[in-house]
There are 2 protein chains.
Amino acid sequence: MQHTGATATGPGAPRAIPDATIARLPLYLRALAALAEQGLHTVSSGELADASGVNPAQLRKDLSHLGSYGTRGVGYDVATLRTRIGAQIGSTQQWSVVIVGMGNLGSALASYSGYAARGFRVAALVDASDALIGQQVRLEGNDPDVLTIQGDADLADVVRAAQPAIGIITTPAEAAQGVCDRMVAAGLTSILNFAPTVLQIPEGVVVRAVDLGQELQILAYHQQHAQIPADAVVDTDQATSGNGLPAAAEPATGSREEVLQ
Amino acid sequence: MQHTGATATGPGAPRAIPDATIARLPLYLRALAALAEQGLHTVSSGELADASGVNPAQLRKDLSHLGSYGTRGVGYDVATLRTRIGAQIGSTQQWSVVIVGMGNLGSALASYSGYAARGFRVAALVDASDALIGQQVRLEGNDPDVLTIQGDADLADVVRAAQPAIGIITTPAEAAQGVCDRMVAAGLTSILNFAPTVLQIPEGVVVRAVDLGQELQILAYHQQHAQIPADAVVDTDQATSGNGLPAAAEPATGSREEVLQ
DNA sequence: TCCTGTGAACTGGTTCACAGCA
DNA sequence: TGCTGTGAACCAGTTCACAGGA
């Protein structure tokens, strides 16, 4: 991991939130939104940690990096905490994204309805295929709720015009590096890459990669090495419902694998 | 992160590959496939590390966990290494997956054409909507290249019949926990969750989560805190092309953010 | 009493630097 | 000579455990 020159370790810079913490803030925000929707006004670290899938001590330490917004003996005020985390993460302002590659995945991401709620808007759609260029795409709840797919050749112009904060690459692997280079040249410094390839980028650009195949392979590894020595799966502290399988009905609170990290 | 009772620290168990290493093996495999395609027969740790976006020492240490398959003074044999990593990760056998939730994202994932190449096949598609149940979906290159969407009510039967190794959840957040519970009850122990919610699972089940919103928010954080003090972006060791923007044409080899952890 | 906030211990992971072999 | 393999140093992140405030 490497981020921008942002690690300003200057004398008067309290700006030092660990990367691992930052990756979890969206999780907390999501959990807080759910709690607020339930009408809750206060949460303890234990409750919020549970809802976020982390250890309570972890949660408290993470939040302590943002300042002291809890009340001892009581917990955290849901609304206040949402505001504080939101401010840190930048969800107070709206960020534009441009999506390059309007195949199955690109289209699916374009029509993702959760952008607005999280402070994002799709500003432009780009593809290289003549068959797609010029087509109009309807985006539920997006600011311009209809976007015209623009040509890959115009990518630089599109980026300069739309000034998106983030570029999303959903092209085939072969095209990804070229798209990335041109995004960077046009001034983009944050890229979300769904193409199964490693992007070479200059200093100062942040790339996050999501790869379905990689995720599946990691799960396959665990699957393969989950030796079932007659006690690994069944002999947990979970009740079994007589068919030798864990009961589904129960709350099933348990440990879980960390999210992406 | 938490995986199955697989951490068999028994006396004669050399089975101790760190999780962080496992998460990178698919990356190496991908890079090796690309190198093999280029006709390369041998790679040094430096070259492979470059192609995978990691530090050479990291790569060597990772590979050393699988055994010694390199030749000092020369490097690694591409074919051998592919085989070894493939064997570890389980890509020697084929794994079936079931996808639950055939909205935009589910459909996009279903028609992802990279499954076969990585040793996966889609065994079943499930959705709760009457409008979708019964519809046929064409899957390029999949074993049954046409699948009929099955009803959510039949999920347990579908899982028991298809015996998938991995369940993929692409339902709305509200439905995800229910689907997960029933998957687990039906015997699934590896789940890939795209729904923006934390799944509560019993011991012995491995969940990996991918959340678009979370990724965007992490990037937004970096974007917001990438103070541009007139020297953060431009004043790197990258050449500028006169327009004050980094040149796009150059190789742009540089540091990069780690892939997903 | 019950919770937060945090120093301190610990764990896991990364990088360095070099010994050792082709 | 040029590379791998790996102990040792280092660093980041997690968890513990408790002091201290509402």
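Chain identifiers are assigned alphabetically (A, B, ...) following the order of the sequence lines, protein sequences preceding nucleic acid strands; residue numbering begins at 1 within each chain. Values reported hereafter were calculated over all heavy atoms of this structure, with side chains retained and with hydrogens, waters and symmetry mates removed. Keep in mind the model is a prediction, meaning the values are calculated, not measured.
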Can you give me the closest heavy-atom contact between [X] and [Y], atom names plus distance?
{"X": "A/A23", "Y": "A/P26", "value": "O-CD, 3.6 Å"}
{"X": "A/A31", "Y": "A/L48", "value": "CB-CD1, 3.7 Å"}
{"X": "A/S190", "Y": "A/A165", "value": "CB-O, 3.5 Å"}

Do any side-chain nitrogens or oxygens of [X] fall under 4.0 Å of OP1 or OP2 in [N]?
{"X": "B/T71", "N": "C/dA22", "result": "no"}
{"X": "B/R60", "N": "C/dC16", "result": "no"}
{"X": "A/S68", "N": "C/dG5", "result": "yes"}

Criterion side chain to side chain contact (heavy atoms under 4.5 Å, CB included) against B/I169, the qualifying member of B/T197, B/L192, B/L199: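 Of all the options given, the one that passes is B/L199.
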Minimum-distance nucleotide to A/A20 side chain [options: C/dT4, D/dT14, D/dT15]: D/dT14
Toward the 5' end of DNA chain C, by each residue's nearest nucleotide, B/D62 or B/R72: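 Looking at DNA chain C, the more 5' nearest nucleotide goes with B/D62.
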Using a 4.0 Å cut-off on heavy atoms, which residues in residues 74-86 of chain A reach DNA chain C? List them by number, or say none. A/V74, A/G75, A/Y76
Is it the case that B/Q58 and B/R24 place a side-chain donor and acceptor less than 3.5 Å from each other?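 Short answer, yes.
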Any side-chain heavy atom of B/R30 within less than 4.5 Å of one from A/V198?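 Side-chain contact under 4.5 Å: yes.
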Please state whether the base of C/dT15 and the side chain of B/K61 form at least one donor-acceptor pair under 3.5 Å?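 Yes, a donor-acceptor pair under 3.5 Å.
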